[in-house]
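A quick write-up on the structure given underneath.
Quick caveat, the model's predicted, so the values are computed rather than measured. Both ligands and their constituent atoms are indexed starting at 1 by order of listing.
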Amino acid sequence: MIVRKLKDLIGTDKEVGGKELGWTSRRLLLKGDGMGYSVHDTVIHEGAECTFHYANHLEAVYLIEGKGEITDLGTGETHQLEAGTIYALDKHDRHILRANKGTHMRMVCVFNPPVTGNEVHDETGAYPLVDDTAA
Ligand code: 9YT
């Protein structure tokens with residue numbers, strides 16, 4: 001059994017991003033944990049606007065704090081987000097996340113396939129698939 005606490009990940013290499021990027025993500029479970037998915041506790045900082053495109057991953061995101069919106073860059077549609085909202089990027093949808101003024105958004109994110117922890121966003125905003133099984 002794996003038992004892990006968010007407070008123990010803060011300030012380690014499991015905490016990525018930063019205020020200057022508009023988002024901070026704490027990787028609760030990664031590929032190496034062997035679950036077949038990764039789980040992240042991600043904050044979109046107040047007033048931030050972030051464009052993401054997970055071309056190689058499916059992602060479900062459940063908002064637990066704050067308010068904001070998501071724009072689907074494929075359709076142009078914008079949806080309001082609040083605690084208790086889930087969105088699933090079932091078509092690898094390119095999107096923009098915005099946290100409203102005066103609040104951040106905190107969300108629990110699940111990735112399939114799991115993030116290994118070594119990805120960096122490429123020039124398109126995607127995470128490449130990392131093959132960490134090679135010798
Ligand atoms: C909101 C969102 O897409 N979070 C993804 C997790 C974050 N980009 C990470 O942990 O790399």
Side-chain angles (χ1 to χ4, degrees):
M1 185 185 295
I2 300 167
V3 178
R4 209 163 271 159
K5 296 182 197 244
L6 176 63
K7 64 180 184 190
D8 295 332
L9 304 182
I10 309 277
T12 73
D13 62 353
K14 298 276 178 63
E15 183 176 49
V16 299
K19 275 249 153 83
E20 68 289 354
L21 294 174
W23 59 275
T24 299
S25 187
R26 289 71 61 95
R27 274 81 177 262
L28 295 163
L29 293 171
L30 286 170
K31 183 179 180 183
D33 293 312
M35 296 297 290
Y37 48 81
S38 57
V39 181
H40 311 230
D41 180 317
T42 302
V43 174
I44 306 295
H45 297 290
E46 179 188 348
E49 181 168 302
C50 304
T51 302
F52 293 127
H53 185 205
Y54 298 111
N56 300 306
H57 299 81
L58 297 171
E59 186 195 19
V61 176
Y62 186 61
L63 193 68
I64 56 172
E65 285 176 16
K67 279 193 171 95
E69 59 184 33
I70 184 168
T71 299
D72 179 338
L73 290 170
T75 64
E77 227 178 325
T78 295
H79 307 271
Q80 299 305 307
L81 303 176
E82 60 184 27
T85 309
I86 191 167
Y87 64 85
L89 303 171
D90 62 329
K91 299 181 187 65
H92 304 278
D93 319 73
R94 202 161 80 86
H95 59 286
I96 302 176
L97 279 174
R98 293 182 202 88
N100 287 355
K101 284 236 154 59
T103 182
H104 60 268
M105 288 196 290
R106 181 166 167 226
M107 44 232 317
V108 178
C109 317
V110 177
F111 277 81
N112 167 28
V115 166
T116 67
N118 296 324
E119 296 83 354
V120 281
H121 285 278
D122 68 14
E123 63 287 349
T124 69
Y127 278 151
L129 277 180
V130 172
D131 181 1
D132 60 357
T133 59

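The shortest N or O to N or O distance between E59 and ligand 1 is under 3.5 Å. Checked by distance only, ligand 1 and Y54 come closer than 3.5 Å through their nitrogen or oxygen atoms.
Under the 4.0 Å criterion applied to side-chain N and carboxylate O atoms, D41 and R27 are not assigned as salt-bridge partners.
The S25 neighbourhood of ligand 1 comprises atoms 6 (C), 7 (C), 9 (C), 10 (O), with distances under 4.0 Å to a heavy atom of that residue. In summary, the atoms of ligand 1 found under 4.0 Å from a heavy atom of F111, numbered by their order in the structure, are 5 (C), 6 (C). Close approach to C109 involves these atoms of ligand 1, each under 4.0 Å from a residue heavy atom: 1 (C), 2 (C), 4 (N). Ligand 1 places these atoms under 4.0 Å from at least one heavy atom of H40: 6 (C), 9 (C), 10 (O).
Nearest to atom 1 (C) of ligand 1 by heavy-atom distance, out of L97, L89, L21, L63, is L97.
Using cut-offs of 30° and 60° on the angle between ring planes, the pair Y54 and H57 is perpendicular.
Across R106, E15, K19, H45, a single residue satisfies side chain to side chain donor-acceptor pair (under 3.5 Å) together with T24, and that is H45.
Between atom CD of residue Q80 and atom CG of residue N100 there is a gap of 7.0 Å, rounded to the nearest 0.5 Å.
H104 and E65 share a side-chain donor-acceptor pair at under 3.5 Å. Under the 3.5 Å distance criterion, with hydrogens and angles disregarded, no donor-acceptor pair is assigned to the side chains of T51 and H95.
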